[in-house]
**Student:** 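Take this structure first; my questions come after.
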Amino acid sequence: IRPKMMLGLLVVFIGCTLALQVILTRQLSQSMEDQIESDLMRLQSTTQVYTRQIMLLGGAEEVTDLAAVESEVVQTLVEELYAASGDTLAVYSMDGTMLRATTPSYFNEPNFPAQAFEQARQGHAAYELSYDQVDECYLYFVMPVQTLQQPVGYVIYYLDYSELQVEKYETVQRVLQITLLIMAAALLFS
């Protein structure tokens, strides 16, 4: 009876540990996604306000493409958006040509968010998220720049959430280690 009891308890403990890991990972992932979406909504709102102001001040409120705007206005747009958000960004014309970027290497072809950019061309803000299970998480947030209710270009942000990913991974690992210690002690005492 003793070996069967030990085996039964071991199976229950392992099952509970696996279930705890799955539930905890899902909850922390959902919390992370909620935080990211909240950040993106704030960023979109800030970008729209700054864009309208800079375009009005630069006398470019009636242009149909950012490529036709003076380069100083685009430069001011990039500088002000960077100062307001602190995030790496690039400004693109309607045909998808990069006009200005804070760090151009982040927007090169291998990492370019093609699907999100295509959605922005249809007038919707969109993002592409890339991450691994441990320590890397970043996204590209693409939104159309609008003046007088028509798109005139695009702003693409590069946002790094690697610290959040690492924190999530470490939390799951800590909880699992504590759970395993408690269950191992319970199994030994049983």
**Student:** Keeping the roles fixed (side chain from Gln75, backbone from Arg100), state whether a donor-acceptor pair exists under 3.5 Å.
**Tutor:** no

**Student:** I'd like to know if Met183 and Leu9 are part of one continuous hydrophobic network [Ile/Leu/Val/Met/Phe/Trp/Tyr, side-chain heavy atoms within less than 4.5 Å].
**Tutor:**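 Result: yes, single cluster for both.
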
**Student:** Pick out which of Phe112, Phe141, Tyr138, Tyr82 makes a ring-ring contact (aromatic ring centres under 6.0 Å, His included) with Tyr158.
**Tutor:**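 So, applying the ring-ring contact (aromatic ring centres under 6.0 Å, His included) to Tyr158 and each of Phe112, Phe141, Tyr138, Tyr82, only Tyr138 qualifies.
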
**Student:** Can you tell me if CZ on Phe13 sees more than 12 non-hydrogen neighbours from other groups inside 6.0 Å?
**Tutor:**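 Enclosed.
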
**Student:** Given the rule that I, L, V, M, F, W and Y join up when any side-chain heavy atoms are under 4.5 Å apart, are Phe107 and Val78 in one cluster?
**Tutor:**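 Each belongs to a different hydrophobic cluster.
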
**Student:** Is it the case that more than 12 heavy atoms not belonging to Glu70 sit under 6.0 Å from its CD atom?
**Tutor:**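 No, CD of Glu70 has 12 or fewer neighbouring heavy atoms, counting only those of other groups under 6.0 Å.
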
**Student:** Sequence neighbours excluded, which residues qualify as side chain to side chain donor-acceptor pair (under 3.5 Å) partners of Tyr154?
**Tutor:** none

**Student:** Same cluster for Leu43 and Tyr140 if Ile/Leu/Val/Met/Phe/Trp/Tyr side chains link at under 4.5 Å?
**Tutor:**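 No, no single cluster joins them.
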
**Student:** Should we count OH of Tyr106 as having more than 12 external heavy atoms under 6.0 Å?
**Tutor:**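 At most 12 heavy atoms, drawn from other residues, nucleotides or ligands, come within 6.0 Å of this atom.
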
**Student:** Would you say CD of Glu163 has more than 12 non-hydrogen atoms from neighbouring residues, nucleotides or ligands within 6.0 angstrom?
**Tutor:** no

**Student:** Of all the heavy-atom pairs spanning Pro113 and Val142, show the shortest one and how long it is.
**Tutor:**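 Minimum heavy-atom contact is CG-CG2, 4.0 Å.
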
**Student:** What distance separates Ile182 CD1 from Thr17 OG1, expressed to the nearest 0.5 Å?
**Tutor:**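 So the CD1 of Ile182 and the OG1 of Thr17 are separated by 10.0 Å.
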
**Student:** Using atom types as modelled and distance alone, determine if a side-chain donor or acceptor of Asp65 lies under 3.5 Å from a backbone N or O of Met94.
**Tutor:**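 Between the backbone of Met94 and the side chain of Asp65 there is a qualifying donor-acceptor contact (under 3.5 Å).
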
**Student:** Taking all non-hydrogen atoms of both residues, which atom of Glu128 and which atom of Ala116 are closest, and how far apart?
**Tutor:**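 Closest approach of Glu128 to Ala116: OE2-N, 2.9 Å.
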
**Student:** Closest approach of Leu129 and Cys137, non-hydrogen atoms and distance?
**Tutor:**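 Nearest heavy atoms, Leu129 then Cys137: CD1-SG, 3.7 Å.
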
**Student:** Is any side-chain heavy atom of Tyr127 closer than 4.5 Å to one of Glu37?
**Tutor:**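 Side chain of Glu37 against side chain of Tyr127, heavy atoms only: contact under 4.5 Å found.
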
**Student:** Write down the atom of Thr97, the atom of Asp95, and the distance for their closest heavy-atom approach.
**Tutor:** OG1-OD1, 2.8 Å

**Student:** Hydrophobic clustering (ILVMFWY, side-chain heavy atoms < 4.5 Å, transitive) - are Val69 and Tyr50 grouped together?
**Tutor:** yes

**Student:** Test of understanding: clusters of I, L, V, M, F, W, Y form through side-chain heavy atoms closer than 4.5 Å, transitively. Do Leu57 and Met55 belong to the same one?
**Tutor:**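 Unlinked, Leu57 and Met55 end up in two clusters.
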
**Student:** Side chain of Ser31, backbone of Gln27: donor and acceptor closer than 3.5 Å?
**Tutor:** no

**Student:** Specify the closest pair of heavy atoms between Pro104 and Asn108, including all atoms of both residues, with the distance to one decimal.
**Tutor:**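 Closest approach of Pro104 to Asn108: O-OD1, 3.5 Å.
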
**Student:** Taking the side chain as C-beta and beyond, is there a heavy-atom pair between Leu28 and Met32 under 4.5 Å?
**Tutor:** no

**Student:** Within the structure provided, determine whether Gln119 and Gln115 are in side-chain contact (heavy-atom separation under 4.5 Å).
**Tutor:**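 No - every pair of side-chain heavy atoms lies 4.5 Å or more apart.
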
**Student:** Taking C-beta and beyond as the side chain, do Asp39 and Leu159 meet within less than 4.5 Å on heavy atoms?
**Tutor:**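 Counting from C-beta outward, Asp39 and Leu159 never come under 4.5 Å.
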
**Student:** Taking all atoms of both residues into account, what is the closest heavy-atom pair of Gln150 and Thr64, and its distance?
**Tutor:**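 That would be NE2-CG2, 3.4 Å.
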
**Student:** Val91 versus Val145: any side-chain heavy-atom pair under 4.5 Å?
**Tutor:** no

**Student:** Please answer whether the main-chain N or O of Asp34 pairs with a side-chain N or O of Ser38 as donor and acceptor at a distance below 3.5 Å.
**Tutor:** no

**Student:** Is the backbone of Gly153 close enough, under 3.5 Å, to the side chain of Ser93 for a donor and an acceptor to pair up by distance?
**Tutor:**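 No, the answer is negative, given that no donor and acceptor are paired below the 3.5 Å cut-off.
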
**Student:** Tyr157 and Thr47: side-chain donor and acceptor closer than 3.5 Å?
**Tutor:** yes

**Student:** Any donor and acceptor pair, going by atom type alone, linking the side chain of Thr102 with main-chain N or O of Leu89 inside 3.5 Å?
**Tutor:** yes

**Student:** Answer yes or no: does atom CD of Gln173 have more than 12 heavy-atom neighbours from other residues, nucleotides or ligands under 6.0 Å?
**Tutor:**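 Result for CD/Gln173: enclosed.
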
